[in-house]
Number of protein chains: 2
Amino acid sequence: MNWGFIGFGRIARKFLSSLQSVQGETAYAFASRSNASELEKEFPDVKVHDSYEGLLADPDIDIVYISTTHNFHCQNVIDALNAGKHVLCEKPMGISSEEIETMITVANKSGKFLMEAMWMRFLPAYREAIRRAKSGEIGDIQYITASFGFNSPNLKPDGRLLNPDLAGGALYDVGVYPLTIVSDIFGWQPDSFSAQAVLSETGIDQSIQVQLSHEGGKMAQVFGSIAMNTNKEACIYGSEGFIKLPLFWKAENFEVHKGDSIEKVELPFKSTGYVHEIEEVAKCIKQGKTESPLFNLNDSLMSANLVERILSSIFNQP
Amino acid sequence: MNWGFIGFGRIARKFLSSLQSVQGETAYAFASRSNASELEKEFPDVKVHDSYEGLLADPDIDIVYISTTHNFHCQNVIDALNAGKHVLCEKPMGISSEEIETMITVANKSGKFLMEAMWMRFLPAYREAIRRAKSGEIGDIQYITASFGFNSPNLKPDGRLLNPDLAGGALYDVGVYPLTIVSDIFGWQPDSFSAQAVLSETGIDQSIQVQLSHEGGKMAQVFGSIAMNTNKEACIYGSEGFIKLPLFWKAENFEVHKGDSIEKVELPFKSTGYVHEIEEVAKCIKQGKTESPLFNLNDSLMSANLVERILSSIFNQP
């Protein structure tokens, strides 16, 4: 398929590397409002449009990859679907469940493929760790911890991470990963949760901790921060042992702890890691599917709904 | 000093080993209601009383070490103080703040030394890790995680861990360690907390997660379980790095993470680890102190108060 890129930052560059390593998939065009001429020089083999509209009107493009700031995702997705393109949109696909619902309506009408780019769920190591956890190998799973805190070196009040107008904040940017690992084991709907956050001067959640309780007394503690490094580990605890995933959101290995035994499993990803997600998207589209069973539109809706409830609990605190 | 033991289980045996390695301190007598004759055979150099009263009436005993089940601590402490002995009592010293207040009143009247045996606070590695965290070396501390879950192989409904009449439960038994590390950095009084627990069939907290928020947006997530192993790590996260303590409650080493650098610090404890606590007790008593500044009676009171509020929030949940 021919891929068009809307938005071209750090993630898009890594995505591009992966795309170039998948047979049959072509980085066909970029749309850039600001640096079209530089991109033309840097990527002579890729067509450059000087507007999103121009790219979406290009009949040779099959699928659009969106990596603008979170606040633009919904409009970008709708425009791309309405232009008759399949769409892969960076996470979070929307910043409210209402946005996701709108996108789902448009997607259903269009008959095109739409997916949120929660790449973690497609990584071989991550998938195998979850499979083994769910197989009962570590007994009945009762507790999960996952933290994803990084110290962004260039936090600026108007930058994408701190600016509320660009849907900044730790939960949108990194907190969705810990929530997704919890959803993989316990589902998206906790019985109850409580959240606390450190707010930035710009009013977004700079660091956030969330404690969740799911049916059957299953528990989870997750953390996200854009201002502080954490160990970036996830642990899935069962009655018979636990599975530890270092750097879980870009997992290439994990450990299975049972008593005194530690089994180390290595399952590196290909290229920059997006290959596995890209292969899934290509496979689904070839099969005429409009969603991937591995992260479908209901996942996006449930994820947005949970994020929304958590943020609402913070910003409506006395 | 001559030490008398009230209660003689697994912990007391380890404590005894440490005591025997401290010069000037003597394991002088045990009190046992059930197995006096066996103890006499096993420890021919130690006097054995067949009642607690007998031991407390022994004029040659200077200090009593109490390691009965939690529910008996308060009465044992009061009896020992009233008998004119100094007292070191295993944690938790009491199972309500009211019990601690009563013990403090009796201690003050007696003029004798009283301390809760929160041995972790006296370990060289633990103390150094806390000192370095508080020195600002990892920046402004914003977040702490600590889990202490173990899978007790012999959980019986009437055993000390599961029996509510013996003050069983994860928070009393192991949860107090994570709470103490949080108190060491942020103090004992969170602005708010929320707790969730898995209850046993006997009605005690088998696994418990607590999320705390302290003044200035400082956050902590802690976990305790008597039915499931966790990684048993504590991490103290600052704006410039983090300190990781594996097996933090019996710390012998820790890591200081700053950017890509990891400094490993080894500070093993002596004997079975209780030496450091015993030396502190002996030093305080020699100096005429009735409390240790490292874990004083107010610490015990604040700890009991927090535990009480957490358990109350769980058992009064709808």
Side-chain angles (χ1 to χ4, degrees), chain A residues 138-147 149 151 153 190-200 205-214 216-225 227-233 235-244 255 257-260 313-314 317-318, chain B residues 138-147 149 151 153 190-200 205-214 216-225 227-233 235-244 255 257-260 313-314 317-318:
Chain A
I138 51 167
D140 187 30
I141 301 170
Q142 289 291 345
Y143 176 53
I144 298 171
T145 57
S147 81
N151 191 350
D191 280 354
S192 68
F193 70 84
S194 69
Q196 278 133 8
V198 176
L199 301 188
S200 67
D205 54 307
Q206 191 168 295
S207 297
I208 181 166
Q209 65 178 2
V210 188
Q211 177 168 278
L212 307 103
S213 171
H214 286 74
K218 292 167 189 315
M219 303 189 285
Q221 291 181 315
V222 304
F223 183 82
S225 177
M228 195 174 63
N229 279 312
T230 67
N231 64 9
K232 303 190 192 71
E233 266 178 23
C235 283
I236 303 169
Y237 293 104
S239 50
E240 311 297 328
F242 64 91
I243 293 178
K244 177 164 117 176
E255 295 173 4
H257 291 243
K258 291 174 84 169
D260 290 334
S313 81
I314 284 165
Q317 260 171 17
Chain B
I138 52 167
D140 187 31
I141 301 169
Q142 289 291 343
Y143 176 53
I144 298 171
T145 58
S147 81
N151 192 350
D191 281 353
S192 68
F193 70 83
S194 70
Q196 277 132 11
V198 176
L199 300 188
S200 68
D205 53 308
Q206 190 167 295
S207 296
I208 181 166
Q209 64 179 2
V210 188
Q211 176 168 277
L212 307 103
S213 170
H214 286 74
K218 292 166 190 314
M219 303 189 288
Q221 291 180 316
V222 304
F223 182 83
S225 178
M228 194 175 61
N229 278 312
T230 67
N231 63 10
K232 303 190 193 72
E233 266 178 22
C235 284
I236 303 170
Y237 293 104
S239 50
E240 312 296 328
F242 64 90
I243 293 177
K244 178 164 117 177
E255 295 173 2
H257 291 243
K258 292 175 82 169
D260 290 334
S313 80
I314 284 165
Q317 261 171 19

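A note on names: the letters A, B, ... follow the listed sequences, proteins ahead of strands, and every chain is numbered from 1. What's counted below: heavy atoms across the whole structure, side chains too, no hydrogens, waters or symmetry copies.
Between the side chain of B:Q221 and the main chain of A:V210, a donor-acceptor pair closer than 3.5 Å is present. A donor-acceptor distance shorter than 3.5 angstrom exists from the side chain of B:Q209 to the backbone of A:L212, with no hydrogens or angles considered. Without hydrogens or angle criteria, B:N151 side chain to A:S239 main chain gives a donor-acceptor distance under 3.5 Å.
With no hydrogens or angles considered, a side-chain donor-acceptor pair links A:S192 and B:Q196 at under 3.5 Å.
At a 4.5 Å heavy-atom cutoff, B:E240 makes no contact with chain A through either its backbone or its side chain.
Across all their heavy atoms, B:F242 and A:N229 have their closest contact at CD2-O, 3.9 Å. A:M219 approaches B:I208 most closely through the heavy-atom pair CE-N, 4.1 Å.
Atom-to-atom distance recorded for B:C235:SG and A:E233:CD is 7.5 Å, nearest 0.5 angstrom. Rounded to the nearest 0.5 angstrom, A:I138 CD1 and B:M228 CE are separated by 9.0 Å.
At least one side-chain heavy atom of B:S194 sits less than 4.5 Å from a side-chain heavy atom of A:Q211. Contact annotation: the side chain of B:N231 approaches that of A:Y237 to within less than 4.5 Å [non-hydrogen atoms, C-beta and beyond].
For B:S213, there are no side chain to side chain donor-acceptor pair (under 3.5 Å) partners, not counting sequence neighbours.
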